[in-house]
Amino acid sequence: MQKQIILPSNTKGQSFFDNVYQVVRLVPKGRVSSYGAIAQYLGAKGSARMVGYAMNAAHILTDVPAQRVVNRQGLLTGKHHFSNRDTMQKLLEDEGVKVENDKIVDFNNIFWNPSIELI
DNA sequence: TTCCTGACGCTTG
DNA sequence: CCAAGCGCCAGGA
């Protein structure tokens, strides 16, 4: 039921950012993804920065779970962009994701890769 | 239009 | 293991 399909061809006309938001919205609760994985899924392999930049803009949107997107090491690199320094961690832990020292515990196990999870 | 700035990631030393 | 360098490219000034 979580498996949804995002057609790249359907993103035509939309900005790269909107594309990113769609993927982020599909990250299941209790799971996390990475900037690079999302970028790769969108066909912008070396443009993980763009995903991060998109998250910065997503700050104003309420339906984009930006806390579920971290860097490839599982570090909460974007925590400073939330209202409070610990908001990101709090949101994650509230979803059952353990965070220790700004890093997601057992990151490899709860990592959600759109290129694999989405068809 | 050009210049600058990034919530990144990989390679090297 | 840690640090630095480079590539990536969409927006805003």
Side-chain angles (χ1 to χ4, degrees):
Chain A
M1 126 151 73
Q2 293 163 335
K3 299 212 172 184
Q4 295 234 337
I5 303 175
I6 293 185
L7 302 174
S9 54
N10 192 28
T11 64
K12 220 172 173 184
Q14 292 202 11
S15 70
F16 181 81
F17 285 21
D18 291 325
N19 208 330
V20 172
Y21 303 148
Q22 288 185 56
V23 179
V24 175
R25 276 190 272 252
L26 294 179
V27 179
K29 182 180 179 184
R31 303 286 296 281
V32 294
S33 193
S34 73
Y35 305 101
I38 293 172
Q40 184 173 31
Y41 176 72
L42 295 177
K45 195 176 176 187
S47 303
R49 304 183 84 179
M50 295 299 94
V51 178
Y53 197 44
M55 288 299 96
N56 187 24
H59 182 271
I60 57 176
L61 303 177
T62 56
D63 60 335
V64 178
Q67 73 275 15
R68 295 181 194 156
V69 185
V70 296
N71 75 354
R72 128 174 182 52
Q73 304 173 72
L75 292 171
L76 309 189
T77 52
K79 60 183 289 187
H80 292 299
H81 292 271
F82 284 77
S83 47
N84 293 108
R85 194 171 62 264
D86 299 319
T87 300
M88 188 174 188
Q89 176 171 339
K90 191 179 188 303
L91 288 171
L92 285 171
E93 294 186 324
D94 195 48
E95 296 181 348
V97 178
K98 297 175 185 173
V99 178
E100 210 171 280
N101 203 5
D102 292 345
K103 184 178 178 184
I104 293 179
V105 179
D106 205 10
F107 175 66
N108 189 54
N109 199 39
I110 64 175
F111 177 66
W112 185 84
N113 189 335
S115 298
I116 296 176
E117 304 294 337
L118 300 178
I119 308 301

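Chain A is the first sequence line, chain B the second, and so forth, proteins listed ahead of strands; every chain is numbered from 1. Reckoned from all heavy atoms, side chains included, excluding hydrogens, waters and symmetry mates.
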Check your understanding: More than 12 heavy atoms of other residues, nucleotides or ligands under 6.0 Å from CZ of A:Arg72: is that the case?
Key -> no
Check your understanding: Taking any atom under 4.0 angstrom from a heavy atom of chain A, which nucleotides of DNA chain C are the first and last to qualify, 5' to 3'?
Key -> C:dG7 to C:dG11
Review point. Between A:Thr77 and B:dC8, does any side-chain N or O lie under 4.0 Å from OP1 or OP2?
Key: yes
Point to revise | Contact list for DNA chain B against residues 90-107 of chain A - heavy-atom distance below 4.0 Å | key: none
Check your understanding: Are A:Arg25 and A:Asp63 ion-paired here, with the side-chain N under 4.0 Å from a carboxylate O?
Key -> yes
Check your understanding: How close do A:Ile104 and A:Leu76 get, heavy atom to heavy atom, and via which atoms?
Key -> CG1-CD2, 4.0 Å
**Study point:** Spacing of A:Asp86 atom CG relative to B:dA7 atom P, expressed in whole Å
**Key:** 18 Å
Check your understanding: Taking atom types as modelled, is there a side-chain donor on A:Gln67 or A:Gln89 under 3.5 Å from an acceptor on the other?
Key -> no
Review point. Near DNA chain B, under 4.0 Å by heavy atom, which residues of residues 46-76 of chain A?
Key: A:Ala48, A:Arg49, A:Met50, A:Gly52, A:Met55, A:Asn56, A:Ala66, A:Asn71, A:Arg72
Check your understanding: Looking only at heavy atoms, what is the nearest atom pair of A:Leu42 and A:Val23, with distance?
Key -> CD2-CG2, 3.9 Å
Revision key, fill the gap. Heavy-atom closest pair (A:Ala37 atom, A:Pro114 atom, distance to 0.1 Å) is O-CG, 3.8 Å
Exercise for review: Begin from the C-alpha positions of A:Lys79 and A:Arg85 and carry the test side chain to side chain contact (heavy atoms under 4.5 Å, CB included) through to its verdict.
Suggested key: CA-CA 6 Å; A:Lys79 60 183 289 187; A:Arg85 194 171 62 264; 3.7 Å; yes
Point to revise | For A:Ile110 against A:Gly30, the heavy-atom pair lying closest together | key: CB-O, 4.0 Å
**Study point:** Lys/Arg N to Asp/Glu carboxylate O, A:Arg31 vs A:Glu95, below 4.0 Å
**Key:** no
Practice item. Answer yes or no: are there more than 12 heavy-atom neighbours, outside A:Asn108 itself, under 6.0 Å from its atom CG? Key: no
Review point. A:Phe82 CZ to B:dA7 P: how many Å, rounded?
Key: 13 Å
